[in-house]
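Please read the structure below before turning to the comments.
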Amino acid sequence: MIRFFVQTLLKLLFRMEIEGSIQPTQKLLILANHQSFLDGLLLGAFLPVKPTWLVHKQVLQHWHFRFFLRFLPHLAIDSKSPLSIKA
């Protein structure tokens with residue numbers, strides 16, 4: 001219900017159009033060269049699969065991002081640590 005509401009709102013606000021399709025497989029990697037946090041919202045609303053988000057540890061220092069991310073599967077990474085991506 002919430003997903004339908006968010007999709008409808010985003011379609012009205014940003015004139016979203018979906019072209020093509022993604023066949024969900026067991027392992028799927030989608031990379032977005034995003035410029036804003038709105039890109040994550042758009043991808044999460046319109047992807048046919050439930051994504052796991054990679055979030056930089058500095059983002060988690062802000063309470064409002066922590067609040068919203070507790071509802072989403074995510075992994076916190078530190079770009080200064082080359083071993084953090086192994087998680």
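- Other residues, nucleotides and ligands place no more than 12 heavy atoms under 6.0 Å from the CZ atom of F4.
- Closest non-hydrogen pair, P73 versus P51, comes out as CG-O, 3.3 Å.
- The shortest non-hydrogen separation linking K57 to A76 is CG-CB, 4.1 Å.
- The CG atom of L42 sits 5.5 Å away from the CG atom of L10 when rounded to the nearest 0.5 Å.
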key: side chain to side chain contact (heavy atoms under 4.5 Å, CB included) between V55 and L75, intermediate numbers included   = CA-CA 6 Å; V55 182; L75 295 171; over 6 Å; no
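- The CD atom of Q58 sits 7.5 Å away from atom CG of D78, with the distance rounded to the nearest 0.5 Å.
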inquiry  = Walk me through whether F46 and K11 qualify under side chain to side chain contact (heavy atoms under 4.5 Å, CB included).
reply    = CA-CA 10 Å; F46 293 103; K11 283 180 184 179; 3.6 Å; yes
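- Both L9 and I2 belong to a common hydrophobic cluster when Ile, Leu, Val, Met, Phe, Trp and Tyr are linked at side-chain heavy-atom distances under 4.5 angstrom.
- Connection of F68 to L43 is not established within any shared hydrophobic cluster, with ILVMFWY side chains joined at heavy-atom distances below 4.5 Å, either directly or through further cluster members.
- The heavy-atom pair separating Q61 from R66 by the smallest distance is O-NH1, 3.2 Å.
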Anything under 3.5 Å between a donor and an acceptor, one on a side chain of residues 12-20, the other on a protein residue two or more places apart or in another chain? List them.
none

CA sep, side-chain torsions, deciding dist, call: L28, I22, side chain to side chain contact (heavy atoms under 4.5 Å, CB included) = CA-CA 10 Å; L28 179 66; I22 296 175; 3.7 Å; yes
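- For the pair H74 (side chain) and W53 (backbone), a donor-acceptor distance under 3.5 Å is absent.
- The aromatic rings of H64 and H62 are tilted relative to each other, their planes meeting at an angle between 30° and 60°.
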